[in-house]
2 protein chains.
Amino acid sequence: MAAAPKRRRVGKVEIATDLRNQIVRGDLGEGDQLPTEAALIDRYGTSRNTVREGLAILVGEGLVVAKRPHGYFVRDGHRMEYRPQSDLTVRPDDVPKDVFLTELADAGRTPTQTIDVAIVRPPADVAARLGLSDDEHAVVRRRVRFLEGAPYMTNDSYFPLTLAQGTAIMSPEDIARGANRVLADAGHVQVRAVDEFTIRMPTPDEQHRLALGPGTPVARQFTTGYDRHGKALRVAITILPGDRHTIVIDRPGLPDPEAEPS
Amino acid sequence: MAAAPKRRRVGKVEIATDLRNQIVRGDLGEGDQLPTEAALIDRYGTSRNTVREGLAILVGEGLVVAKRPHGYFVRDGHRMEYRPQSDLTVRPDDVPKDVFLTELADAGRTPTQTIDVAIVRPPADVAARLGLSDDEHAVVRRRVRFLEGAPYMTNDSYFPLTLAQGTAIMSPEDIARGANRVLADAGHVQVRAVDEFTIRMPTPDEQHRLALGPGTPVARQFTTGYDRHGKALRVAITILPGDRHTIVIDRPGLPDPEAEPS
DNA sequence: TGATATGGATTGTCTGGACAATCCATATAA
DNA sequence: TTATATGGATTGTCCAGACAATCCATATCA
């Protein structure tokens with residue numbers, strides 16, 4: 001009967017803790033609706049503002065989403081696997097690997113994407129990785145990828161203009177053989193890549209592009225590709241919504257990934 | 001002069017946008033204090049509640065921290081590099097690699113850690129990766145690592161009890177040669193590892209253990225180590241505060257990390 | 001000099017109320 | 001039957017005020 005706590009004073013933290021416990025215990029399952037604000041006001045005997053602040057804590061933790069004007073709901077935890085090492089293939093974590101590709105076709109889950117191409121002065125962090133000076137330009141292919149209509153990542157790939165000029169990279173179409181193959185065919189073979197992931201809250205722009213709810217952090221992945229001479233051929237910025245992905249990295253043959261400090 | 005906007009109605013979003021612009025433009029640098037709530041009430045002509053909600057947006061984005069009772073300050077963006085492939089060595093991103101080790105010693109920045117060891121029934125996700133049934137136990141080494149007194153990660157390593165029993169793993173001391181070496185000496189050589197990263201907001205427990213401010217997401221890393229027969233030897237759960245780390249992964253020799261969809 | 005007290009500045013928490021925005025189900029009208 | 005209007009339920013936004021908590025600088029006192 002999890003009735004009103006006995007504490008004389010109930011604050012937003014107590015409300016959030018109580019509801020969170022119900023969620024992690026499973027009393028409230030994924031997708032379930034939480035009590036309405038009015039019901040919580042009754043249950044905890046506080047003002048509406050305090051109830052809302054308690055709910056805001058859970059929303060900020062990404063545990064709960066508010067759907068106006070229907071109420072608050074427990075968020076669902078499905079995530080896709082993202083394997084930066086192989087390619088951008090993505091699949092739900094509850095689907096066996098083999099099944100995924102066929103299921104994609106079956107269920108009409110074919111990924112779609114929007115592409116837009118521009119010639120820009122790259123941002124400073126991109127320019128630094130590409131080894132471009134201030135007045136050099138780059139080609140950027142900006143893509144938003146969708147699965148079942150919902151955006152699941154953005155990928156902005158920057159190429160030095162001198163490399164991309166006159167190639168299929170300049171065209172805002174899907175490149176079936178891959179941009180790296182285009183570069184390789186022109187003699188620029190990518191032999192090494194470095195990924196840098198930073199974890200942070202999204203900018204308003206990212207929130208909009210990826211339709212992110214509140215309390216959803218993102219991973220921002222910088223991928224820098226190099227040729228055999230160490231020259232940077234491309235820099236990709238991938239934004240991965242935290243609530244839709246698990247990033248999986250396979251490390252075959254590495255003997256000691258978690259070494260204790262020496 | 002960036003005076004009060006001319007809009008008839010100023011809401012929390014406008015306040016947050018205006019202040020955010022000042023931060024990203026650099027008018028307000030890292031560590032600078034924002035105007036006080038009272039000053040913002042004057043500037044925007046709204047109630048205190050609305051001003052606070054505007055500030056809460058920036059706090060939620062991790063752009064601003066509140067230090068009671070001193071005011072709101074622009075957060076600083078220093079991050080350490082974390083390379084799961086090599087080891088747990090961590091260094092600030094603004095320090096050249098070579099300098100770091102000596103500087104660590106110079107500045108007394110030697111990492112410290114707390115260790116606590118327990119025999120537990122592992123959580124379901126750990127048990128699944130270790131291939132343990134419901135009634136089998138595991139040894140967990142829970143560590144919190146500090147740099148300059150501030151916690152920068154937690155690492156909970158689970159070992160099947162049958163493997164760890166009677167070894168140095170059971171002792172709540174630093175294992176100089178590394179836990180993996182201990183296992184290897186007992187004939188369990190780890191030859192492969194898989195990392196899984198999920199991005200999310202921290203639990204209250206994690207907030208407490210890592211002294212996380214609001215608006216700070218975390219990366220939760222599952223590292224599963226296998227021997228040559230594919231048997232899982234250990235599972236480590238590493239929690240990385242998003243505001244303190246960049247995760248760097250080197251991919252030598254991989255030809256096409258960012259392949260376009262075929 | 002040194003310890004203690006006081007007050008000020010600032011943010012944190014909570015109350016209570018008013019109106020707007022959104023979606024849904026139902027009732028009504030064409 | 002179909003389209004339109006209405007009202008209800010619920011969350012979103014904003015206002016105004018009260019008091020608590022925390023840290024700091026200053027003044028006071030021993």
Side-chain angles (χ1 to χ4, degrees), chain A residues 4-5 7-19 28 31-75 204 207-208 211-216, chain B residues 4-5 7-19 28 31-75 204 207-208 211-216:
Chain A
R7 296 193 41 176
R8 257 213 312 283
R9 187 83 180 250
V10 177
K12 59 178 184 182
V13 177
E14 284 79 15
I15 295 175
T17 303
D18 192 44
L19 292 174
L28 289 165
D32 283 3
Q33 181 172 6
L34 274 66
T36 64
E37 291 179 357
L40 295 173
I41 290 167
D42 284 350
R43 182 192 299 183
Y44 298 109
T46 65
S47 74
R48 186 179 169 215
N49 254 326
T50 303
V51 163
R52 300 191 94 245
E53 284 169 0
L55 289 165
I57 291 175
L58 301 180
V59 172
E61 292 174 1
L63 224 55
V64 161
V65 291
K67 296 183 187 176
R68 176 150 79 127
H70 299 297
Y72 293 85
F73 295 82
V74 181
R75 194 157 170 167
Q207 275 178 39
H208 180 253
L212 301 176
T216 307
Chain B
R7 296 194 41 177
R8 258 213 311 283
R9 188 85 178 248
V10 177
K12 60 178 183 182
V13 177
E14 284 79 15
I15 295 175
T17 304
D18 192 43
L19 291 173
L28 289 165
D32 284 2
Q33 181 173 8
L34 274 65
T36 65
E37 291 179 356
L40 295 174
I41 291 168
D42 284 351
R43 182 193 298 184
Y44 297 110
T46 66
S47 74
R48 188 180 167 214
N49 253 327
T50 305
V51 163
R52 300 191 94 246
E53 285 169 0
L55 289 165
I57 291 175
L58 300 180
V59 172
E61 292 174 0
L63 224 55
V64 161
V65 291
K67 297 183 186 174
R68 175 151 79 130
H70 300 296
Y72 294 84
F73 295 83
V74 181
R75 194 156 171 171
Q207 275 179 40
H208 179 253
L212 301 176
T216 307

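Just so it is clear: chains get the letters A, B, ... in the order the sequence lines come, proteins before strands, and each one is counted from 1.
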### Query
What pairs with A:Arg68 under side chain to side chain contact (heavy atoms under 4.5 Å, CB included), at least two apart in sequence or on another chain?
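If we apply the side chain to side chain contact (heavy atoms under 4.5 Å, CB included) test to A:Arg68, skipping adjacent residues, there are no hits.
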### Message
If the condition is side chain to side chain contact (heavy atoms under 4.5 Å, CB included), which residues does A:Pro204 pass it with, not counting sequence neighbours?
### Response
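If we apply the side chain to side chain contact (heavy atoms under 4.5 Å, CB included) test to A:Pro204, skipping adjacent residues, the hits are B:Arg20, B:Glu61.
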### Message
Students should find this one: the first and last nucleotides of DNA chain D, 5' to 3', lying under 4.0 Å from a heavy atom of chain B. What are they?
### Response
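The contacted stretch runs from D:dT13 to D:dC24.
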Output a table of nitrogen or oxygen pairs between the protein and nucleotides 14-18 of chain C separated by less than 3.5 Å.
from	atom 1	to	atom 2	distance (Å)
C:dC14	OP2	A:Lys12	N	3.3
C:dT15	OP2	A:Ser47	N	2.9
C:dT15	OP2	A:Ser47	OG	2.9
C:dT15	OP2	A:Thr50	OG1	2.4
C:dT15	O4	A:Asn49	ND2	3.3
C:dG16	O6	A:Asn49	ND2	2.5
C:dA18	N6	A:Arg48	NH1	3.4

### N/O donor-acceptor pair under 3.5 Å between A:Gln33 side chain and A:His70 backbone
yes
## Note on the structure
Taken to the nearest 0.5 Å, the spacing of B:Ile57 CD1 from B:Ile15 CD1 works out to 8.5 Å
### Task
To the nearest 0.5 Å, tell me how far B:Ser47 OG sits from B:Lys12 NZ.
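Spacing of OG (B:Ser47) from NZ (B:Lys12) equals 11.5 Å.
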### Query
Going through the checks in order, is the side-chain contact (heavy atoms from CB on, under 4.5 Å) test met by B:Leu55 and B:Leu40?
CA-CA 10 Å; B:Leu55 289 165; B:Leu40 295 174; 4.0 Å; yes
### Message
Applying the side-chain contact (heavy atoms from CB on, under 4.5 Å) criterion to A:Arg75, which one of A:Leu58, A:Val64, A:Thr216 satisfies it?
### Response
A:Thr216
### Query
Given B:Val74 and B:Leu63, is the side-chain contact (heavy atoms from CB on, under 4.5 Å) satisfied, shown in steps?
CA-CA 6 Å; B:Val74 181; B:Leu63 224 55; 6.0 Å; no
### Task
Please work out which residues in residues 61-74 of chain B have a non-hydrogen atom less than 4.0 Å from an atom of DNA chain C and list them by number.
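The stretch gives B:Ala66, B:Arg68, B:Pro69, B:Gly71, B:Tyr72 as the residues lying under 4.0 Å from the strand, ordered by number.
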#### Entry: Residue list, salt bridge (charged side-chain N to carboxylate O under 4.0 Å, His left out) with A:Glu53, at least two apart or on another chain
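So A:Glu53 forms no salt bridge (charged side-chain N to carboxylate O under 4.0 Å, His left out) with any residue.
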### Message
side-chain contact (heavy atoms from CB on, under 4.5 Å), that's the test. Do B:Thr50 and B:Tyr44 meet it? Break it down for me.
### Response
CA-CA 10 Å; B:Thr50 305; B:Tyr44 297 110; over 6 Å; no
